[in-house]
Participant: 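What follows is a single structure, and I will ask about it in a moment.
For clarity, every value in this text was computed on a predicted model and none was experimentally measured.
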Amino acid sequence: MLTVGDLPSGSVAALKRVTVAMLSDVLGRVVASCGCCAFVLGFLPGQGHADPSFSLTMEAGAVLDRPRPDEPRAKLSTGLRSVLDYQRDGLAGAAAGLGMRRGAAPRPSFGSLLRQRADGKVQVNIHLYPGVDADAFASLLYGFDLELEILDTRNHLLQAWISLSDVESLASYEEVTALRQPGYAITNVGSALTQGDSALKADQARAAYGLDGSGVTVAAISDGVESLSVAQASGDLPASQMIDVLNVGNGDEGTALLEIIHDMAPGSNLAFYGVSTSTDMLAALDALGTFGADVVVDDLTFPDQPVFEDGPIAQAVKALVDEGVSYHTAAGNHALGHYEGEFTGVNANLPNAGDILVHEFAPGDIDLDIGTLAGGSSIITLQWNDQFGLSDNDYDLLLYDATLSNLLTFSADIQNGDPGLNPRPLEFIGIANPTGSLFQAKLVILRRSGDDRRLEVNVFRAGSILDHNDPSGSAFGHQAVDGALTIGAINVQEPGMNDIAVYSARGPGRLDFPSETWRAKPDLVGVDGVDVSGAGGFPSSFFGTSAAAPHSAAVAALLLGGGVCNGQLVHDCMTDAAVDLGAGGFDDVYGHGRIDALAAADECLPATLCGDANGDCQRTASDAFIALRTGVGADNCQGCVCDVDSQNGISASDSLTILQFGVGQNVTLACGPCS
């Protein structure tokens with residue numbers, strides 16, 4: 001916690017009245033939990049704007065908040081501005097307009113998701129210019145009512161809880177490029193044994209080869225393991241000395257992941273890191289890399305991460321993969337909430353908006369029909385193919401009612417190419433639906449200025465796109481990283497286990513920066529609908545790609561424990577041995593097919609000992625000489641046999657490694673090819 005004096009006061013923009021609704025318990029498990037904090041959604045109908053191309057008038061009398069780029073408020077995200085104004089205007093005005101009076105019937109609320117605690121502090125990411133030392137800047141904050149959570153020097157940002165009264169003063173600092181709500185993690189959701197153990201033949205692989213994952217550390221990243229002791233007491237997880245909890249987090253989806261891994265690879269050591277935001281995720285990946293995990297699995301999606309380039313999380317995952325870690329990630333559950341297409345502009349005269357240039361999804365159709373399930377909430381994002389931090393094409397996201405008669409809310413951050421505003425090609429809106437029926441609305445994409453770009457809309461959680469939905473290309477972010485295994489889902493109860501779950505995200509992943517690239521995803525499919533203990537009130541029937549991913553990680557642990565040399569070879573074994581589904585060969589729905597642990601073990605075990613270049617089941621000076629003689633880049637040593645330092649080449653360092661660690665070591669494994 002930082003305790004400090006006042007920062008210099010910056011210019012304060014004229015107050016603009018908005019109304020917002022507060023969302024807390026209704027979100028339930030729909031968003032990662034945050035202890036005692038509530039979730040705030042801004043409800044922003046509009047009433048006027050200086051730009052004549054976008055004039056909003058609504059009976060509610062609120063104003064579309066688009067500050068001038070030279071105002072400190074321009075550095076605040078739409079959601080943060082709305083909550084700031086909400087605090088100023090008080091709850092009474094919001095309640096009168098949104099049915100929040102005592103005894104009033106529940107009604108949906110809308111806006112931009114932000115976490116706010118009972119003490120009034122909000123959680124923010126403070127983005128700094130790349131040349132600013134984040135650590136040094138943090139030391140200057142001696143006057144703020146601020147609690148620092150994470151200091152990310154690599155990405156020049158701080159994650160903190162801050163009093164709303166300090167937000168605009170902090171934004172006035174030249175070192176600060178933007179203040180935004182963090183990118184909140186979305187999970188893709190025993191005396192119980194997962195049915196995946198037999199369905200994916202892990203039980204047969206253990207019996208045939210004596211495998212149990214011994215000597216391998218598997219780390220899971222999810223929301224939390226708050227009820228870990230409950231699962232240990234029931235025998236669904238091992239004693240605490242076999243589980244390293246680096247960060248306990250909030251919730252118990254992580255407990256369920258660990259149970260699945262332990263069911264299938266009972267000899268492996270387990271580790272866990274609880275994550276709530278994208279900044280947390282970066283800290284988790286750094287920590288697990290230092291910790292030395294052999295296998296890492298996560299079940300999280302981050303809506304704030306780039307779609308058309310590798311963002312910070314994707315880069316951090318790739319770094320682990322390049323170090324030889326076997327990385328597994330849930331593909332995501334938003335296939336029914338995906339749209340992608342090139343902007344096609346048409347002029348439209350919309351209620352409460354006037355004449356504006358909007359995207360035409362199909363001839364004569366300027367909106368997407370969005371549905372949010374009863375009792376649920378959804379997060380809607382719009383991205384377009386500009387680089388993060390440099391976007392100079394300004395798009396906005398507008399949410400109307402189902403009749404296209406009333407503007408419910410909007411996301412209108414500024415994208416003008418000014419690095420001082422750290423402009424991201426990203427807009428997002430939240431919907432909370434506490435009612436007992438499906439809530440339907442219409443989404444409109446406005447281009448305020450700039451060029452035509454490729455658009456991507458994603459609807460996460462309890463929401464979907466009811467028209468123009470295209471599951472193709474819905475895998476993005478670190479789910480599209482080369483070398484990581486991205487895992488889709490099939491219901492374990494589905495006869496034949498050969499039909500993809502309708503919500504399971506699909507490939508390919510398209511990247512436009514640094515150049516146009518298409519990533520083949522997913523890699524494999526696992527199973528969901530499996531049994532877990534239900535510790536902590538988590539559902540005992542576990543559905544979603546979140547359930548499928550730990551099955552894949554457990555199979556990797558078995559193979560590594562059996563002698564396969566590194567993560568890349570494990571992945572080759574698993575993809576080569578998968579049960580082909582769908583179109584012949586690889587496809588963008590099933591990847592290489594359904595995981596088959598026994599076939600993967602048959603293909604790769606017993607594995608040749610790393611460094612056993614002559615195949616005599618020993619590492620000796622003879623092997624070192626062969627590796628040295630073979631030379632850099634030679635390909636006549638198979639896989640891990642010679643490339644013992646996993647640097648994708650054969651060099652003197654491999655020979656030295658063999659000499660240092662392997663001379664005279666006898667091996668009882670029978671010899672066979674690594675791949």
Participant: Do I465 and Y339 have side-chain heavy atoms sitting under 4.5 Å apart?
Facilitator: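 They are in side-chain contact.
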Participant: OG/S552 to CG/L485 distance, rounded to the nearest 0.5 angstrom?
Facilitator: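 Here the rounded value is 5.0 Å.
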Participant: I want to check something: taking the side chain as every heavy atom from C-beta on, are M574 and H328 in contact at a cut-off of under 4.5 Å?
Facilitator: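 Yes, at least one pair of side-chain atoms sits under 4.5 Å.
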Participant: For the residue pair V296 and I221, establish whether any side-chain heavy-atom pair is separated by less than 4.5 Å.
Facilitator: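 A side-chain contact under 4.5 Å exists here.
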Participant: Please name the pair of heavy atoms, one in V589 and one in V525, separated by the smallest distance, quoted to 0.1 Å.
Facilitator: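 That closest heavy-atom pairing would be O-CG1, 4.2 Å.
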Participant: In Å and rounded to the nearest 0.5 Å, what is the OH to CZ distance from Y273 to F291?
Facilitator: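 One gets 12.5 Å once the value is rounded to the nearest 0.5 Å.
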Participant: Should the pair D596-R594 be classified as a salt bridge under the 4.0 Å nitrogen-to-oxygen rule?
Facilitator: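 So D596 does not pair with R594 through a salt bridge.
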Participant: What is the minimum heavy-atom distance between D223 and G254, and which atoms define it?
Facilitator: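 For D223 and G254, the tightest heavy-atom pair comes out as OD1-N, 3.2 Å.
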Participant: Check step by step if side-chain contact (heavy atoms from CB on, under 4.5 Å) holds for D528 and F542.
Facilitator: CA-CA 6 Å; D528 71 352; F542 191 5; over 6 Å; no
Participant: Does some side-chain heavy atom of D298 sit less than 4.5 Å from a side-chain heavy atom of Y327?
Facilitator: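 Counting from C-beta outward, Y327 and D298 do come under 4.5 Å.
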Participant: When you measure from the side chain of Q479 to the backbone N and O of A330, does any donor-acceptor pair fall under 3.5 Å?
Facilitator: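 Flag set: sc Q479 to bb A330 pair under 3.5 Å.
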Participant: Establish, from distance only, whether the side-chain atoms of S198 and D203 form a donor-acceptor pair under 3.5 Å.
Facilitator: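 There is no such pair between these side chains.
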Participant: Verify, without hydrogens or angle tests, whether N469 (side chain) and H338 (backbone) share a donor-acceptor contact under 3.5 angstrom.
Facilitator: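 Checking the backbone N and O of H338 against the side chain of N469, a donor-acceptor pair under 3.5 Å is found.
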Participant: Regarding R154 and D286, does a basic nitrogen lie under 4.0 Å from an acidic carboxylate oxygen?
Facilitator: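 Judged by the 4.0 Å cut-off on N to carboxylate O distance, R154 and D286 do form a salt bridge.
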Participant: Please check if the side chain of Q383 supplies one atom and the backbone of N458 the other of a donor-acceptor pair under 3.5 Å.
Facilitator: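 Looks like no, no N/O pair under 3.5 Å.
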Participant: Would you give the length of the straight line joining atom CZ of F428 to atom CG of D304, rounded to the nearest 0.5 angstrom?
Facilitator: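 Going from the CZ atom of F428 to the CG atom of D304 covers 7.5 Å.
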Participant: Report yes if the side chains of R519 and D482 come closer than 4.5 Å at any heavy-atom pair, otherwise no.
Facilitator: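 Side-chain contact under 4.5 Å: yes.
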Participant: Is it the case that T545 and N188 place a side-chain donor and acceptor less than 3.5 Å from each other?
Facilitator: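 T545 vs N188: no donor-acceptor pair found between side chains.
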Participant: Counting distance only, does the side-chain N/O of D523 pair as donor-acceptor with the main-chain N or O of T486 below 3.5 Å?
Facilitator: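 Judged by distance alone, yes, a pair lies under 3.5 Å.
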Participant: Between Y590 and I500, which heavy-atom pair has the shortest distance, and what is it?
Facilitator: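 Taking Y590 first and I500 second, the nearest heavy atoms are OH-N, 3.1 Å.
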Participant: With side chains defined as the heavy atoms from C-beta onward, is the minimum distance between Q159 and D280 less than 4.5 Å?
Facilitator: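 Answer yes - side chains close enough.
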Participant: Treating S326 as the side-chain partner and V295 as the backbone partner, does any N or O pair qualify as donor plus acceptor under 3.5 Å?
Facilitator: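 Not confirmed, S326 side chain does not pair with V295 backbone.
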Participant: Quick one: pull up CD in E340 and CG in D470 and give me the separation to the nearest 0.5 Å.
Facilitator: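 Those atoms lie 8.0 Å apart.
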Participant: Hey, what's the ring geometry for H478 with F302, parallel, tilted or perpendicular (30° and 60° as the breaks)?
Facilitator: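 Ring orientation of H478 relative to F302: tilted.
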Participant: Would you say S540's side chain and V532's backbone share a donor-acceptor pair under 3.5 angstrom?
Facilitator: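 Side chain of S540 to backbone of V532, a donor-acceptor pair under 3.5 Å: no, none is there.
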Participant: Shortest non-hydrogen contact from A316 to L282?
Facilitator: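 Result for this residue pair: CB-CD2, 4.1 Å.
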Participant: Within the 3.5 Å criterion, strictly below it, is a donor on E259 or T194 matched to an acceptor on the partner's side chain?
Facilitator: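 There is no such pair between these side chains.
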Participant: State whether D602 and K201 are salt-bridged, where the test is any N-O pair (Lys NZ or Arg NE/NH1/NH2 against Asp/Glu carboxylate O) under 4.0 Å.
Facilitator: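 Not counted as a salt bridge, because no side-chain N and carboxylate O are separated by less than 4.0 Å.
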Participant: For the backbone of D499 and the side chain of E494, can you confirm whether one donor and one acceptor N or O come within less than 3.5 Å of each other?
Facilitator: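 Side chain of E494 to backbone of D499, a donor-acceptor pair under 3.5 Å: yes, one is there.
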Participant: Indicate yes or no: at least one non-hydrogen side-chain atom of S472 is less than 4.5 angstrom from one of R506.
Facilitator: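 In short, these two side chains do not touch, never coming nearer than 4.5 Å.
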Participant: Are any side-chain N or O atoms of Q181 and backbone N or O atoms of Q123, one a donor and one an acceptor, separated by less than 3.5 Å?
Facilitator: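 Judged by distance alone, no pair lies under 3.5 Å.
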Participant: Please name the residue in the list L270, D244, N269, L288 that meets the side-chain contact (heavy atoms from CB on, under 4.5 Å) test with T217.
Facilitator: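 Running side-chain contact (heavy atoms from CB on, under 4.5 Å) over L270, D244, N269, L288 with T217 returns exactly one hit, N269.
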Participant: Give a yes or no on whether the backbone of G483 and the side-chain of H571 come within a donor-acceptor separation of less than 3.5 Å.
Facilitator: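 Answer holds: yes.
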Participant: Go through L382 and L426 one step at a time and tell me if the side-chain contact (heavy atoms from CB on, under 4.5 Å) criterion holds.
Facilitator: CA-CA 6 Å; L382 166 69; L426 172 65; over 6 Å; no
Participant: Go through L157 and T279 one step at a time and tell me if the side-chain contact (heavy atoms from CB on, under 4.5 Å) criterion holds.
Facilitator: CA-CA 9 Å; L157 67 84; T279 313; 3.7 Å; yes
Participant: Take L148 and W161 through the side-chain contact (heavy atoms from CB on, under 4.5 Å) test and state the conclusion after the steps.
Facilitator: CA-CA 7 Å; L148 182 62; W161 291 90; over 6 Å; no
Participant: Mind listing the closest non-hydrogen atom pair of S377 and A432 along with its distance?
Facilitator: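 It is CB-CA, 3.9 Å.
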Participant: Using 0.5 Å steps for rounding, measure from the CG atom of L569 to the CG atom of L560.
Facilitator: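 Spacing of CG (L569) from CG (L560) equals 9.5 Å.
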Participant: Salt-bridged, D588 to K521, with N to O below 4.0 Å?
Facilitator: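 No salt bridge links D588 with K521.
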Participant: Backbone N or O of F513 within a donor-acceptor pair of the E309 side chain at under 3.5 Å?
Facilitator: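 No: the side chain of E309 does not pair with the backbone of F513.
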Participant: Check F586 against P522 and note the closest heavy-atom contact, atom names and distance.
Facilitator: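 Result for this residue pair: CE1-O, 3.2 Å.
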Participant: Check D512 with R510, please: is the shortest side-chain N to carboxylate O separation under 4.0 Å?
Facilitator: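 A salt bridge is present here (some side-chain N lies under 4.0 Å from a carboxylate O).
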Participant: Taking the side chain as C-beta and beyond, is there a heavy-atom pair between T187 and R461 under 4.5 Å?
Facilitator: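 In short, these two side chains touch, coming nearer than 4.5 Å.
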Participant: Should the ring pair F476 and H334 be called parallel, tilted or perpendicular, given that the plane angle runs from 0 to 90° and is split at 30 and 60?
Facilitator: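 The arrangement is perpendicular - the two ring planes meet at more than 60°.
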Participant: Any chance you could measure I150, atom CD1, to S276, atom OG, to the nearest 0.5 Å?
Facilitator: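 That separation rounds to 9.0 Å.
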